[in-house]
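I have placed the structure first, in the form of structure tokens, so that the comments after it can refer back to it.
Worth knowing before you read on, the calculation uses all heavy atoms, side chains too, and leaves out hydrogens, waters and symmetry mates.
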There are 2 protein chains.
Amino acid sequence: MNNNPRKKEIISKAARLFKKRGYSAVTMRDIADSLNIKAASLYNHINSKQEILATIIIEIAEAFTSGMVEVQTPQLTTQEKLQKIIELHIDLTVKNPEAMACLNNDWMHLEEKLPYFVKMREDYEENFRAILKKGIAQGEIGSRDIEIMLFSMLSTLRTLYIWYTKKDGVSAVSLKNDLPVTLLKGIIK
Amino acid sequence: MNNNPRKKEIISKAARLFKKRGYSAVTMRDIADSLNIKAASLYNHINSKQEILATIIIEIAEAFTSGMVEVQTPQLTTQEKLQKIIELHIDLTVKNPEAMACLNNDWMHLEEKLPYFVKMREDYEENFRAILKKGIAQGEIGSRDIEIMLFSMLSTLRTLYIWYTKKDGVSAVSLKNDLPVTLLKGIIK
DNA sequence: AAAAACAACTAACAATCGTTAGTTTTGTAA
DNA sequence: TTACAAAACTAACGATTGTTAGTTGTTTTT
């Protein structure tokens with residue numbers, strides 16, 4: 001649907017700027033400058049600023065949605081499912097940290113696509129919750145407040161992009177090694 | 001220093017809007033509308049939009065800084081220190097979730113106060129790191145990647161405001177009960 | 001009652017916003 | 001070489017931005 005290479009460049013540069021300053025603080029002239037062209041020239045390739053944002057966010061949101069489908073393989077244990085969710089977040093963050101930042105910080109500036117996005121996010125959380133709930137019922141995980149476990153894991157996973165992209169931050173390798181055990185087993189011995 | 005009640009109202013209303021849409025997307029006219037006055041009237045009480053943001057963020061950032069001082073009581077165990085850090089975040093979030101949102105999402109739009117803020121945040125993280133490091137040395141906590149433990153806890157604590165303020169979200173009581181054990185002991189039995 | 005301080009107002013400013021129209025340049029295919 | 005399409009450009013638009021100046025009404029102090 002969208003293999004125009006120049007358009008991809010624009011979206012990529014825009015995502016970088018959105019991550020740093022947020023959608024509202026970035027102007028079309030900022031985006032154009034980062035490509036060494038004039039703002040009006042952007043419109044040979046894209047229809048609006050809003051379209052750029054929607055393209056960035058919806059693509060990665062759909063990746064999470066389809067990733068969650070695979071997580072829900074019935075024969076997996078709860079721990080294996082949680083492990084797979086963690087890996088899904090690591091993979092998508094490593095592949096595109098700028099899009100992750102937009103997803104987290106600028107989703108509320110979506111217009112036409114906002115209901116579609118919110119629905120996907122709600123479904124994702126609901127599926128996550130169901131996994132935790134089943135895990136408690138089966139005695140695999142501690143029977144504490146489900147919302148707290150859910151939000152604790154999701155908060156960490158969703159803001160991975162902050163720590164992954166900063167210098168002297170965490171690497172993809174150490175994330176895959178140590179993040180699951182940190183989240184699942186905790187910090188205290 | 002700042003006990004002008006009308007100014008406090010303005011800052012409070014502004015914080016609410018900043019939390020919802022972000023600093024850059026909120027106009028002075030939006031803030032004025034929420035107080036049923038005109039935008040120009042705001043300037044009888046505040047000097048600039050930027051001053052509003054700085055007031056919100058610096059106040060709560062300083063609360064974290066002074067809270068961290070108390071955490072560092074030498075006779076506490078590592079677990080007790082971590083427990084106190086969690087309580088500090090819960091308390092400040094419950095007291096002012098709007099300011100927490102600004103702190104997290106809009107700090108990069110600080111201008112004059114940006115270096116001061118960044119210094120406080122770096123110091124806070126460094127103190128946190130030192131506690132974890134000592135905990136590992138003393139065998140109180142698992143010897144895994146410190147950065148991952150640090151970012152895992154901080155990510156959860158810093159985005160508490162999202163879950164605390166949404167309907168059917170978590171309550172202050174269940175947070176104090178279940179968040180420490182979730183973070184410190186993990187999810188899996 | 002007069003004076004001073006406070007807090008709202010109207011009107012407008014220069015700058016910047018996303019976007020459009022129309023034109024010129026550049027690269028490719030015939 | 002010519003013809004065409006793609007992608008840049010200049011110029012400008014109407015709307016909105018944060019903010020200022022000057023004024024009016026209201027409350028508090030003298």
Cation-pi check, A/Lys49 onto A/Tyr23 ring (under 6.0 Å, within 45° of axis):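 Yes.
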Phosphate OP1/OP2 of C/dA8: any B/Lys38 side-chain N/O under 4.0 Å: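 It does not, given that no N or O in the side chain of B/Lys38 lies less than 4.0 Å from OP1 or OP2 of C/dA8.
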B/His45 side-chain N/O to C/dA8 phosphate OP1/OP2 under 4.0 Å: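 So the side chain of B/His45 is within the cut-off, an N or O lying under 4.0 Å from OP1 or OP2 of C/dA8.
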Most 5' of B/Thr27 and B/Asn47 on DNA chain D, judged by nearest nucleotide: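 Going by which nucleotide is closer to the 5' end, it is B/Thr27.
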Quickly work out the [X] [atom1] to [N] [atom2] distance and round it to whole Å.
X: B/Phe18; N: D/dG18; atom1: CZ; atom2: P; answer: 9 Å
X: B/Met28; N: C/dC13; atom1: CE; atom2: C1'; answer: 16 Å
X: A/Asp33; N: C/dG18; atom1: CG; atom2: P; answer: 12 Å
X: A/Tyr43; N: C/dA21; atom1: OH; atom2: C1'; answer: 14 Å
X: A/Leu42; N: D/dA8; atom1: CG; atom2: P; answer: 9 Å
X: A/Arg29; N: C/dT16; atom1: CZ; atom2: C1'; answer: 7 Å
X: B/Ile37; N: D/dT19; atom1: CD1; atom2: C1'; answer: 14 Å
X: A/Ile46; N: C/dT20; atom1: CD1; atom2: C1'; answer: 13 Å

Exercise: do A/Ser24 and B/Ser24 side chains pair donor with acceptor under 3.5 Å: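 No pair is found: no donor N or O on one side chain lies under 3.5 Å from an acceptor on the other.
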Residue met sooner reading DNA chain C from 5', once A/Asn44 and A/Val26 are mapped to nucleotides: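 With A/Asn44 and A/Val26 compared, the 5'-side residue is A/Val26.
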In one Ile/Leu/Val/Met/Phe/Trp/Tyr side-chain cluster, 4.5 Å: B/Val181, A/Leu150: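 Shared cluster, no.
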Sugar-phosphate, base or nothing in reach of A/Ser41, heavy atoms under 4.0 Å: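 Base contact.
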Touch class at under 4.0 angstrom, heavy-atom based, for A/Arg6 against every strand present: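 The residue A/Arg6 makes sugar-phosphate contact but no base contact.
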Separation of B/Lys81 NZ from B/Leu132 CG (nearest 0.5 Å):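 So the gap between those two atoms works out to 10.5 Å.
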Parallel, tilted or perpendicular: rings of B/Phe64 and B/His89 (30°, 60°):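 If you compare the ring of B/His89 with that of B/Phe64, the planes turn out tilted.
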